[in-house]
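In what follows, every chain begins at residue 1, and chains take the letters A, B, ... in the order their sequences are listed. Because the structure is a prediction, the values reported are computed rather than measured.
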Protein chains: 2
Amino acid sequence: MNNTTLKKISEILGLSISTISRALKDHPDISAKTKQRVVELATTLDYEPNANAINLRTSNSKLFGLIVPSISNWFYNAFIASVEEDSRRNGYSLMILQSGDDPSIEINNLKLCRQNRITGLFVCISPETTNIEPFLKLKEMDIPVIFFDKVPDDARCNKVCVADALSATMAANELISKKKKKIAGLFGNPHLLITQKRLEAFRKTIHEKSGAAQLIIDYAPSTEDAESKTIELLKEKPDAIFCMSDEILIGVMKAIQRKGLSIPKDLGVITISNGAAPKLYFPEITYVETSGHKLGKMAYSSMMACLGGSTFIQDLTIESILVEGGSL
Amino acid sequence: MNNTTLKKISEILGLSISTISRALKDHPDISAKTKQRVVELATTLDYEPNANAINLRTSNSKLFGLIVPSISNWFYNAFIASVEEDSRRNGYSLMILQSGDDPSIEINNLKLCRQNRITGLFVCISPETTNIEPFLKLKEMDIPVIFFDKVPDDARCNKVCVADALSATMAANELISKKKKKIAGLFGNPHLLITQKRLEAFRKTIHEKSGAAQLIIDYAPSTEDAESKTIELLKEKPDAIFCMSDEILIGVMKAIQRKGLSIPKDLGVITISNGAAPKLYFPEITYVETSGHKLGKMAYSSMMACLGGSTFIQDLTIESILVEGGSL
DNA sequence: ATTTTTGCTGCAAACGTTTGCGAAATTGTT
DNA sequence: AACAATTTCGCAAACGTTTGCAGCAAAAAT
């Protein structure tokens, strides 16, 4: 019924605890026969080492923390799945915490991570998070912190991001090459750095490359907002709509369907996306890919670099690619 | 730089370790002044108790394991988010592992859970999993195991499921009440128990309630399959399509958009869904809700019941509700 | 002034491991 | 047969907590 321990095995076999411990990890000091006896008994008793005891003794938890606003999000989802996979493959476990965009929960999650003596942290901070000292404190304790996606504007942080400005530029270029003249752009929360960067880059590109093109900008923090804002925007008869994210795209598409417009005949649509949402529709929506999966890979390898002793502060960005659908 | 421990605090304050421990947890034995001194120093030193030491000492990890085929799935996502929330609220942590529908990874994940001395496990087994002995072994060790969604056909297991047959029946009834006469039904992997149950219930209801209605059944294991199968089905000019899941709905909708058909004028659509996908479209798709969120709540309370000492084996099912969109 | 009560604190064992060091048993070398 | 070298193993401390028990001082009761 209870758990079997090294001690229990040692008592049954008449050996010392240390011998059992060494036998189980194939230590050269132990003879082959002894090893076999030990391993056999261990498997029949379903021995599993107590991770808590090991962590306590070795102070190496093989545990990563991952704090994210919400796991119910296409982009973060892909990110998490990717990190989980890499972690598991390399013998690390993952502790996933949602902050719900609430800084106080975020702090609480951080506390949990510290209590569990994580060996590293992946974190996407909430928009309201202003004080990143608690995170920097981790760094001081030699616990690497990799900020991803929404990152603080602080040079002391390791960051991995999607190309915020560049992806908007790419989308703008594509719109121009398709000769769009009256372009509506729907952006997310205007207080977020990513929104500002994308908007600036988008506006700049459109103006530089095509002085003639007219631009209508609006903001929509949620899918519902995006839908209602689009209804308004459509009155201006734009010939293309740019969406800053999947959430916005979905609202836009709903509005377009509601109005009975057809793509790309009545107007074009382009978005920045993780890749799933544009494929929900026919024709598939042309998008600039910002892959959560790729970002996860990059975050993981960045983490590994830190654990490997690199003190070099990394500020990485994954490249974007344009995926053509039939929506322009 | 390093972590502060009870010992360190005790040395600074000239008190014993036990006094510090008690002071920090507001033990009545400790005087108010001492408590204050201790708490103050602890906060300035950023003391965080070592969870590993506590778990080791108390053998109560406050950690749940959660094994799921994939976290990149609307339904499981909602489930996980729900369980994570409840767990966190009650001071439990969650260790989320993906099996990728691979039984060997599943076993490995289970091992990880055991090593970390989880106090309970939520698991959705992969379709290929035949041997559930390893899970039952946990139960013997007084570690509750709550199977959810895809559950083994074994009376010794605690299960929480969505209403598989009933939800299909409800959808069928809705189709009949809307006087649909030529109904196409698109189902998932025919080898899964859930597919069989839903198909049987659907067929039975349609035939019993409306002998006149014509039924066309096909299977689509993936969204892509659903799209191509729908293209075929549409040639038969059905007046309604039933989708067994979100994944299928998306394929169906893409086909419908491709063919330029309009809902509900040209044909009706109804689906079984977690709730997100039907709201992607306009008009929103009518669906029978099988809520991952609700299932999570149920799983969590079931877990709590087990931890509370209930040895009663539960086999629970969440009720489904019909959510009307404008697609019929 | 002695005893009893009350309030505060410390001792030490235990949880399950890992690991440096030393000791015993075996083998090999003269 | 005596010694050295080698193989094989055990002792004990340490990781950071919790907690039953005992100790000790001061205040209250006799």
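Among the heavy atoms of the strands lying under 4.0 Å from A:S18 is at least one base atom, whether or not backbone atoms are also near. Residue contacts for B:T5: at a heavy-atom cut-off of 4.0 Å it reaches the sugar-phosphate backbone alone, with no base atom in range. Among the protein residues, B:D29 comes within range of the nucleic acid bases, having at least one heavy atom under 4.0 Å from a base atom.
The separation between B:N3 atom CG and D:dA14 atom P is 19 Å, rounded to whole Å. Taking atom NE2 of residue B:H27 and atom C1' of nucleotide D:dT17, one finds them 15 Å apart after rounding to whole Å. In this structure, the CG atom of B:N50 is 18 Å from the P atom of C:dC15, given to the nearest Å. Going from atom CG of A:L13 over to atom C1' of D:dC9 covers 13 Å, rounded to whole Å. Following rounding to the nearest Å, A:L6 (CG) and D:dA12 (P) show an atom-to-atom distance of 18 Å. The nearest whole Å value for the distance from the CG atom in A:L15 to the P atom in C:dT17 is 16 Å. Remark: P of C:dC15 and NZ of A:K8 are 11 Å apart, rounded to the nearest angstrom.
Residue A:S16 has a polar side-chain atom (N or O) positioned under 4.0 Å from OP1 or OP2 of D:dG10. Under 4.0 angstrom from either OP1 or OP2 of C:dT9 there lies at least one side-chain N or O belonging to B:T34.
For B:R22 against C:dG7, no side-chain N or O and base N or O form a donor-acceptor pair under 3.5 Å. Counting atom types as modelled, B:R117 pairs no side-chain N or O with a base atom of C:dG16 as donor and acceptor under 3.5 Å.
Geometric assessment of B:K159 against the ring of B:F147 yields a negative cation-pi assignment under the 6.0 Å and 45° thresholds.
Ranked by how close their nearest DNA chain C nucleotide is to the 5' end, A:I17 and A:K7 are led by A:K7. For the pair B:L56 and B:S31, nearest-nucleotide mapping onto DNA chain C gives the more 5' position to B:S31.
Minimum heavy-atom separation, B:I318 to B:S291: CD1-O, 3.5 Å.
A perpendicular orientation is assigned to the rings of A:F122 and A:F79, their planes being inclined by more than 60° (bins at 30° and 60°).
Across A:E85, A:R88, A:E84, a single residue satisfies side-chain hydrogen bond (donor to acceptor under 3.5 Å, both in side chains) together with B:Q98, and that is A:E84.
Among C:dT9, D:dG10, C:dG16, the nucleotide with an atom closest to any side-chain atom of B:I30 is C:dT9.
The shortest distance between side-chain heavy atoms of A:R117 and A:L63 does not fall below 4.5 Å.
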